[in-house]
Amino acid sequence: MKKKHLAMTLSRLKGFLEPKPELEQYRTPGNVAAELLWLAYSLGDIEGRVIADLGAGTGVLSIGAALLGAERVYAVEVDGGALEIARENARSLGVDCIDFINADVSEFSARVDTVVMNPPFGSQVKHADRPFLLKAFEVSDTVYSIHLTKPEVRGFIEAFTRDNGFEITHRLTLPFEIPAQFFFHRKRLERVLVDVYRFERCRHGEAKAE
Ligand code: SAH
């Protein structure tokens, strides 16, 4: 499968029926999901790997990982309705290696090879991305995540990563379109920039002591 084809397939999946602002339910656009997954795939972090998608929503990243040959994907999502759509999306493409887990990310505890996630950006609840990063760093040595391209967010991510014994190995900046689905969006389409990160656990004892 080519990157373009993956982007198109993922952009055709069903999205949130009634997006909940407090959960920051913005689905990842197909092109952004494809860039993240392609990077992960090319670095050997997807094929034959066990993956967790934290805050899986309607399943874009989980399904993309499955299409690129993941062995198993845990799709963890607190909203049962979104997870139902994710299940339907997976079924529509004949994907059958995803475990759908209706839970808060803090309750998830399986060890995985790779985490892929598009956590809440923290624009509604400040630092809503923190429990996601903490959980990802707990269950995996390799983490892909999407955050806003803003100096204060970058500063936070850089410090938080370092303090938790991880390093940033890759960062891609991409446009991310959010449809005007919430009452507080004035424009039809909100276009923001996001950073797609790859984090890896530090070796050689470079990490800050506990
Ligand atoms: N990963 C999806 C959805 C991104 S939106 C995609 O790429 O399209 C963020 C998702 O995180 C939403 O579906 C929201 O319901 C979920 N979420 C927010 N807080 C959560 C929590 N504490 N535990 C599990 N899921 C959560």
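What you see below is based on every heavy atom in this structure, not just the backbone, and it leaves out hydrogens, waters and symmetry mates. In listed order, ligands and their atoms are each counted from 1. Note that the structure is predicted; figures quoted are calculated from it, not measured.
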Practice task
Output yes when Asp113 and Arg72 qualify as a salt bridge under the 4.0 Å nitrogen-oxygen rule, no when they do not.
Solution key: no
Fill in the blank from the handout: The protein heavy atom nearest to atom 25 (N) of ligand 1 is Val78 N, 3.4 Å
Problem - Distance-minimising heavy-atom pair for Thr142 and Ser140 - result: O-OG, 3.0 Å
Completion exercise
For Glu24, the ligand 1 atoms with a heavy-atom partner under 4.0 Å come out as 5 (S), 9 (C)
Problem - atom 3 (C) of ligand 1: nearest protein contact (heavy atom, Å) - result: Gly55 O, 3.5 Å
Problem - Asp79, any N or O under 3.5 Å of ligand 1 N or O - result: no
Fill in the blank from the handout: Contact region, Met117 to ligand 1, non-hydrogen atoms below 4.0 Å, reads neither
Handout entry: For atom 4 (C) of ligand 1, the option (of Ile85, Leu61, Asn118) bearing the nearest heavy atom
Key = Asn118
Problem - Distance-only N or O hit between ligand 1 and Arg27, under 3.5 Å - result: no
Practice task
Can you pull out the closest protein heavy atom to atom 20 (C) of ligand 1? Residue, atom name and distance to 0.1 Å, please.
Solution key: Phe132 CZ, 3.5 Å
Handout entry: Cluster link Leu134 to Ile168, ILVMFWY, side chain under 4.5 Å
Key = yes
Problem - Residues Glu84 and Arg87 bridged, charged N to O under 4.0 Å - result: yes
Handout entry: Residue part near ligand 1, for Ala56, under 4.0 Å between non-hydrogen atoms
Key = backbone
Exercise for the section: May I have all residue pairs that pass side-chain hydrogen bond (donor to acceptor under 3.5 Å, both in side chains) and include part of residues 31-41, sequence neighbours excluded? Expected result: Lys3-Glu35
Problem - ligand 1 contact on Phe16 by region, counting heavy-atom pairs under 4.0 Å - result: side chain
Handout entry: Presence of salt bridge, Arg171 and Glu158, under 4.0 angstrom
Key = yes
Exercise for the section: Would you please classify the geometry between the Tyr26 ring and the Phe121 ring as parallel, tilted or perpendicular, with 30° and 60° separating the classes? Expected result: tilted
Practice task
Select one of side chain, backbone, both or neither to describe which atoms of Ala33 lie under 4.0 Å from any atom of ligand 1, heavy atoms only.
Solution key: neither
Handout entry: side-chain hydrogen bond (donor to acceptor under 3.5 Å, both in side chains) partners of residues 49-61, not counting sequence neighbours, each pair once
Key = Asp53-Ser62
Practice task
Would you mind reporting whether Thr28 and Phe176 have side-chain heavy atoms less than 4.5 Å apart?
Solution key: yes
Completion exercise
shortest atom 22 (N) of ligand 1-to-protein heavy-atom contact is with Asp104 OD2, 3.1 Å
Exercise for the section: Give the ring-plane orientation class for Phe156 versus His127, where under 30° counts as parallel, over 60° as perpendicular and anything between as tilted. Expected result: tilted
Practice task
Kindly confirm or rule out an N or O of Val105 lying under 3.5 angstrom from an N or O of ligand 1.
Solution key: yes
Exercise for the section: Just need the protein heavy atom nearest to atom 7 (O) of ligand 1, so name the residue and atom and give the distance. Expected result: Thr28 OG1, 2.4 Å
Exercise for the section: Examine Glu77 against ligand 1 and note whether any of their N/O atoms are separated by less than 3.5 Å. Expected result: yes
Practice task
Using a strict 4.0 Å cut-off to heavy atoms of Pro120, name the atoms of ligand 1 that fall inside it.
Solution key: 18 (C)
Exercise for the section: Consider ligand 1: state whether an atom of it lies below 4.0 angstrom from any non-hydrogen atom of Ser62. Expected result: no
